[in-house]
4 protein chains.
Amino acid sequence: MPRSSEQNKQIREKTKKRILETARTLFAKNGFHGTSISEIAKEAGISKGLTYNYFKSKTEIVEVIFDEFLLDAHNFFEVINNYSDPYEKLTALIESSFDYIEYAEDQWKLNFSLILQPQVMKLARSQMIKFYDEMLNEIEKVFKGVGIKNAASEARVFGAALDGIGMYYMMNKENYPLKKIKKHLLKKYSKEELQKTFR
Amino acid sequence: MPRSSEQNKQIREKTKKRILETARTLFAKNGFHGTSISEIAKEAGISKGLTYNYFKSKTEIVEVIFDEFLLDAHNFFEVINNYSDPYEKLTALIESSFDYIEYAEDQWKLNFSLILQPQVMKLARSQMIKFYDEMLNEIEKVFKGVGIKNAASEARVFGAALDGIGMYYMMNKENYPLKKIKKHLLKKYSKEELQKTFR
Amino acid sequence: MPRSSEQNKQIREKTKKRILETARTLFAKNGFHGTSISEIAKEAGISKGLTYNYFKSKTEIVEVIFDEFLLDAHNFFEVINNYSDPYEKLTALIESSFDYIEYAEDQWKLNFSLILQPQVMKLARSQMIKFYDEMLNEIEKVFKGVGIKNAASEARVFGAALDGIGMYYMMNKENYPLKKIKKHLLKKYSKEELQKTFR
Amino acid sequence: MPRSSEQNKQIREKTKKRILETARTLFAKNGFHGTSISEIAKEAGISKGLTYNYFKSKTEIVEVIFDEFLLDAHNFFEVINNYSDPYEKLTALIESSFDYIEYAEDQWKLNFSLILQPQVMKLARSQMIKFYDEMLNEIEKVFKGVGIKNAASEARVFGAALDGIGMYYMMNKENYPLKKIKKHLLKKYSKEELQKTFR
DNA sequence: TATGAATGAGCCTTCATTCAT
DNA sequence: GATGAATGAAGGCTCATTCAT
């Protein structure tokens with residue numbers, strides 16, 4: 001008697017998830033071209049062939065991973081928009097950003113690899129651009145809301161800083177004072193400080 | 001008549017340089033693993049075999065390229081130190097940074113690839129860390145010199161912003177307002193503005 | 001309530017038949033090596049695994065298909081032998097041959113593939129040789145019966161022509177004048193014509 | 001010092017030829033899908049990788065082989081057209097055909113495999129059709145020239161017979177009376193016999 | 001110095017077959 | 001009887017590297 005379709009679904013979901021997680025980590029670490037399907041399969045504890053029961057190509061794996069990121073990104077905006085107070089929005093934004101650097105490190109690295117090598121996944125670039133545009137718009141609105149001048153340029157510099165921080169952190173995780181910087185920014189962009197500056 | 005040893009030396013240097021330049025461009029574009037020696041050789045107009053007359057492996061090529069960058073970086077510090085006035089230093093620093101993004105785009109991309117994938121070149125990481133440490137120290141000193149508070153953290157955020165800007169620029173060169181941002185930062189960190197803020 | 005063994009038997013036979021028909025078509029179209037078990041199973045509307053419940057290997061499938069052909073071939077001889085008049089036999093033979101080309105195209109193609117690539121199914125070759133020997137003997141007898149000289153060689157040429165026609169037809173089904181050729185041969189080898197020539 | 005370009009050319013030609021010959025034999029024996037590049041390389045005494053220095057894909061190999069056949073076919077027509085006497089033409093045609101079966105057995109088998117599986121090489125089919133059309137036209141003209149009635153249909157049957165003979169021969173080379181059949185046909189279609197029949 | 005033929009390891013992918021359910 | 005997840009060998013192809021010249 002065959003497995004019930006429910007059983008199969010569970011097996012598939014579990015295995016698929018394991019492949020995706022392993023792949024994300026390895027792609028992040030060694031890049032797309034630097035990661036082999038053998039490696040992914042071995043690390044995920046399955047046979048090489050099985051990978052192709054779940055994804056029709058190595059490229060599809062990276063695409064699915066990226067799609068998952070886009071979902072995440074979408075959620076991020078929803079979270080931010082839960083706040084109506086611009087000061088709270090700003091705080092949430094900074095917190096999310098630092099959290100993402102720390103807790104979704106692999107995805108973060110992978111995203112930047114994809115930015116640097118758009119050949120790997122053509123669509124990633126345009127979707128990434130779209131994501132950053134929305135992000136910067138959001139920041140700009142918030143900046144305007146809290147009275148920061150030159151909000152457009154400042155938002156760009158601010159966004160760049162957040163990602164630059166991610167980069168520095170990736171370079172030297174053990175020693176980078178991520179918490180300290182986070183605290184610094186949270187204070188600098190707190191209601192209290194901002195009102196002091198722009199009163 | 002055989003070539004004089006002087007001629008040979010010149011030929012060697014010219015060929016070596018061409019290989020390095022080609023490799024840098026291709027590594028930047030397609031990544032280390034995404035670039036083949038054949039491609040480099042063909043693009044450089046030489047035979048595959050000859051490449052191994054100049055470099056003992058593909059890895060060595062990237063190492064030499066990185067070494068050249070380090071030399072460049074060294075020069076950068078010298079340039080900055082030509083100025084004694086911290087305001088001038090700061091301006092020079094911003095200008096250099098934006099210039100580098102624009103005019104050494106390939107090297108810039110390659111560097112970030114190496115940061116994201118330290119496996120490709122083990123040594124790069126530590127040297128990169130060292131470079132950034134010096135850089136951030138320099139900025140910190142300058143920041144202190146111009147009276148910025150929390151100079152250590154601010155320097156880190158500032159440095160991160162400069163690199164983040166580079167990243168955004170790479171992602172969307174056609175549309176990124178690099179000049180505008182540059183102008184914005186030059187103004188924001190100009191003597192006039194800084195003295196206004198910190199008077 | 002479990003199925004009765006009679007029901008099971010019927011299911012088995014139906015499924016087996018569907019597998020064989022699907023396989024024959026696909027083998028004919030894409031060759032033995034060019035056809036996968038997955039493809040056969042999918043096309044037959046069953047699971048991959050079930051195929052192995054009916055046949056112990058891909059090779060066995062082609063063997064069973066070929067065995068069925070041999071049965072068919074045996075029937076062919078019986079049909080021919082229903083006629084006692086050699087002229088009628090000859091007509092029946094030509095008609096059968098053309099019918100087979102047209103209505104058992106897949107089997108026809110498969111047979112010729114097996115002739116060209118005996119490695120796929122070792123036994124096919126000897127059985128095919130046997131079949132053709134009997135066929136040519138039959139033709140030879142008929143030719144003798146209608147007074148054709150050099151019956152042995154003529155039979156071989158005639159048999160070859162019939163198969164050659166099949167080949168040409170397969171090459172260019174839309175344009176090949178199969179009906180016209182059939183008519184031509186039926187006339188050429190009709191009692192009337194043969195008696196005219198050999199009177 | 002590098003090899004002279006003449007030396008390289010010779011090496012390339014020799015190796016390429018060896019690959020093509022090996023491939024033709026193996027394709028003929030086991031079919032396109034049943035032959036691996038490894039096998040070809042091993043049989044040709046070279047490494048797998050080197051094959052790709054000469055052909056960019058397995059498909060290209062079969063295409064080049066087929067192109068060589070087309071050249072041969074072209075030559076065939078030239079040879080036939082050297083004769084002006086239709087009787088001589090007919091004799092030459094029969095002789096060439098039997099020679100080809102015997103001495104270009106591999107190519108013969110490969111051609112028929114390609115006819116049976118047009119998927120392998122799309123172009124083969126149309127070119128083969130063209131070749132056979134020309135061939136049958138040629139035969140038809142000759143048949144008309146020697147006074148055979150229903151020349152169009154007879155030419156088709158005759159051509160089919162020649163290929164059918166090839167098929168039979170391939171099936172059972174040791175026992176097939178190729179020479180005898182050849183002699184039979186040469187006599188049957190000799191000037192003497194034809195004039196006897198159609199006088 | 002320079003070439004490009006040659007190698008062999010390794011990559012992505014397919015597929016016949018097995019097996020737990 | 002039936003399913004489809006899983007395996008492992010093999011296939012097509014690429015590529016860093018070597019070597020004869």
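Keep in mind it's a predicted model, so treat the numbers as computed, not measured. Every heavy atom of this structure was used, including side-chain atoms; hydrogens, water molecules and symmetry mates were not. Letters A, B, ... mirror the listed sequences (proteins, then strands); counts begin at 1.
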Is it the case that more than 12 heavy atoms not belonging to B:Q127 sit under 6.0 Å from its CD atom?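 Atom CD in B:Q127 is crowded, with more than 12 foreign heavy atoms closer than 6.0 Å.
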For B:E68, does the CD atom sit with more than 12 other heavy atoms under 6.0 Å from it, leaving out its own atoms? yes
Once hydrogens and angles are ignored, does a donor-acceptor distance under 3.5 Å link the base of E:dG4 to the side chain of D:K9? no
Closest heavy-atom pair and its distance - C:R125, C:P118: CD-CB, 4.0 Å
Supply the atom-to-atom distance [X] [atom1] to [Y] [atom2], rounded to the nearest 0.5 angstrom.
X      : Y      : atom1 : atom2 : answer
D:K16  : D:I61  : NZ    : CD1   : 10.0 Å
A:L26  : A:E43  : CG    : CD    : 5.5 Å
D:L116 : C:I115 : CG    : CD1   : 9.5 Å
C:S126 : D:M171 : OG    : CE    : 11.5 Å
B:K14  : B:I19  : NZ    : CD1   : 12.5 Å

May I have the distance from [X] (atom [atom1]) to [N] (atom [atom2]), rounded to whole angstrom?
X     : N      : atom1 : atom2 : result
D:I19 : F:dG12 : CD1   : C1'   : 15 Å
D:Q7  : E:dA2  : CD    : C1'   : 14 Å
D:N30 : F:dG11 : CG    : P     : 11 Å
C:K42 : E:dA16 : NZ    : P     : 13 Å
C:H33 : F:dG12 : NE2   : C1'   : 16 Å
B:E13 : E:dT1  : CD    : C1'   : 15 Å
A:K48 : F:dA6  : NZ    : P     : 17 Å
D:E39 : F:dA9  : CD    : P     : 19 Å

Side-chain N or O of A:R12 less than 4.0 angstrom from OP1 or OP2 on F:dA5?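 Yes, within the criterion.
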Pick from C:V62, C:V64, C:L70: which one makes a side-chain contact (heavy atoms from CB on, under 4.5 Å) with C:F66?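 The residue from C:V62, C:V64, C:L70 that satisfies side-chain contact (heavy atoms from CB on, under 4.5 Å) with C:F66 turns out to be C:L70.
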Member of B:K17, B:R18, B:E60, B:R12 meeting the side-chain contact (heavy atoms from CB on, under 4.5 Å) criterion with B:Y54: B:R12
Considering every strand and a 4.0 Å limit on heavy-atom distances, what is the contact class for [X]: base, sugar-phosphate, or nothing?
X     : result
D:L50 : base
D:I11 : sugar-phosphate
D:T15 : sugar-phosphate

Earlier contact from the 5' end, DNA chain E, for D:G45 and A:T35: D:G45
If you only use heavy atoms from C-beta on, which nucleotide in E:dA5, E:dT13, F:dA5 is closest to the side chain of A:I37?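 It is E:dT13.
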Name the closest nucleotide to the C:S36 side chain, picking from E:dC15, E:dA2, F:dT3.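 Nearest listed nucleotide: E:dC15.
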Contact residues, residues 22-29 of chain C to DNA chain F [heavy atom, < 4.0 Å]: none
Which residues, if any, of residues 51-66 of chain A bring a heavy atom under 4.0 Å of DNA chain F? A:N53, A:Y54
Do the non-hydrogen side-chain atoms of D:Y52 and D:I37 ever get within less than 4.5 Å of each other?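 The answer is yes, as the side chains (C-beta and beyond) meet within the 4.5 Å cut-off.
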Would you say the side chains of A:N30 and A:T35 form a donor-acceptor pair under 3.5 Å?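 Checked: A:N30/A:T35 side chains show no N/O donor-acceptor pair below 3.5 Å.
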Base-pairing string, 5' to 3', of DNA chain F - Watson-Crick or wobble, under 3.5 Å, | interstrand: .||||||||||||||||||||
